[in-house]
There are 2 protein chains.
Amino acid sequence: MDEELDPAVERMLDRIRASRGRVTHVRKVLVQALVSAEGHETADSLVGIVQASVPSANRSTIYRNLDELEQMGLVVHAHLGHGPASYHLAPAAHTHLVCRSCRTEIEMPREWFAELAERAWSRYHFRVEPFHFAVLGRCESCASSPVKSDQLSSDPSRAVRIQGTSEAP
Amino acid sequence: MDEELDPAVERMLDRIRASRGRVTHVRKVLVQALVSAEGHETADSLVGIVQASVPSANRSTIYRNLDELEQMGLVVHAHLGHGPASYHLAPAAHTHLVCRSCRTEIEMPREWFAELAERAWSRYHFRVEPFHFAVLGRCESCASSPVKSDQLSSDPSRAVRIQGTSEAP
DNA sequence: GTTCTTGCAAAAGCTTTGCAGGAAG
DNA sequence: CTTCCTGCAAAGCTTTTGCAAGAAC
């Protein structure tokens, strides 16, 4: 995994260079990992992925790089529960509905926040950016069953992901 | 602060007794603290408040009690940023708009979530419970200024609180 | 007396920081 | 050669846990 030349990766590396950042080995692999990540990786899973290519890579380096990528606007992190944060590419930013019991994640169309955002703007001149936190609740199957305690603190890898379709009736 | 007999406190103590819980000294003081809390206390600030009356009270006891009160549905916690969680009485549950730069908190009318909740229900049969996480964004003054890094991880006591009025045009 | 709570101490989980050596440009 | 990045080690902060002594009923 070195000369893959994924165009999305190249674009991000260019943005790094444009910010006077250096294109290091770790950074290349991390960016590649973010680009090819299907879902929402935690810092920890990214450490694992990067270390598969660069065994010496250190957790703190990953955290520092994620911070920088986020400050450059390339990456965004979100809190989907009580556990670690999830990182994904900024262009893929979307809001999540997360079930408090079974931790199913549903990607919600961003338009659904439009009305709320409009009101927040007209009443408070507050610009809503609804990507950082999930919207919690209960999914169909868990809503009917008796209230169990929240599962949000446990292993993120157990989460089920549901892809949201775009707007519809 | 012992025989204040605040009726709201009495009601909560009754609910504790109803759940076969014991009304201990620490619990009484904690419940009183939650009832008379103006804003959104963190576990840490609650420890401080309780220790003012019961100096020997331990952090872990406060955490355990907050957990129990939450499981009984009397208390709710919310994540308003990267720092510690905020606790408040369940009846006062409301959604927060939190500015990413200056951490101003705005209490948002719960009705504003109605449309989104309705859509989540009809599309996914997902029951939205929008109290757990804040809705992030930028307040008027910070929206205009150049993007500074997020302040959400710093001292919660610096937060400014704005009381939301109920629904309006 | 029995069961539930507490204090204490320790640890867990996620993330951040200081520093000196090493790589990128 | 200068500046930025990295690994290492340590600590930070919030929260959780095990256990034996103590309080509530």
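Just so it is clear: chains get the letters A, B, ... in the order the sequence lines come, proteins before strands, and each one is counted from 1. As the structure is a prediction and not an experimental result, all values here were calculated from the model. Quick note: numbers below take in every heavy atom, side chains included, and nothing from hydrogens, waters or symmetry partners.
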Exercise for the section: Look at B:Asn58 and C:dA9 and indicate whether a side-chain polar atom (N or O) is within less than 4.0 Å of OP1 or OP2. Expected result: no

Fill in the blank from the handout: A:Lys28 atom NZ is separated from C:dA23 atom C1', nearest whole Å, by 13 Å

Handout entry: Atom pair distance, as rounded to whole Å: CZ in A:Arg22 and P in D:dT2
Key = 13 Å

Handout entry: Distance, rounded to the nearest Å, where A:Asp44 contributes CG and C:dG13 contributes P
Key = 11 Å

Practice task
Please tell me which of B:His79 and A:Gly21 maps to the more 5' nucleotide of DNA chain D, matching each residue to the nucleotide holding its nearest heavy atom.
Solution key: A:Gly21

Exercise for the section: Could you please name the option among C:dG7, C:dT16, D:dT6 that lies closest to any side-chain atom of A:Thr61? Expected result: D:dT6

Exercise for the section: To the nearest Å, give me how far apart CD (B:Glu70) and C1' (D:dT15) are. Expected result: 13 Å

Handout entry: Any B:Arg27 side-chain N or O less than 4.0 Å from OP1/OP2 of C:dT5
Key = yes

Handout entry: Distance-only side-chain donor-acceptor flag, A:Asn58 / A:Ser60, under 3.5 Å
Key = yes

Practice task
Specify the separation, in whole Å, of atom CZ of B:Arg20 and atom C1' of C:dT2.
Solution key: 15 Å

Practice task
Please state whether the rings of B:Tyr87 and B:His77 are parallel, tilted or perpendicular, taking 30° and 60° as the class boundaries.
Solution key: tilted

Exercise for the section: Ignoring backbone atoms, establish whether B:Ser56 has a side-chain N or O less than 4.0 Å from OP1 or OP2 of C:dT6. Expected result: no

Exercise for the section: Could you tell me the separation between the CZ atom of B:Arg64 and the C1' atom of C:dA9, rounded to a whole number of Å? Expected result: 12 Å

Exercise for the section: Find the distance A:Leu30:CG to D:dC5:C1' and express it as a whole number of Å. Expected result: 13 Å

Problem - Geometric class of the A:His79/B:His82 ring pair [parallel <30°, tilted 30-60°, perpendicular >60°] - result: perpendicular

Handout entry: Distance in angstrom units between A:Tyr63 OH and D:dC8 P, rounded
Key = 17 Å

Practice task
Output yes when at least one side-chain N/O atom of B:Ser60 is less than 4.0 Å from OP1 or OP2 of C:dG7, else no.
Solution key: no

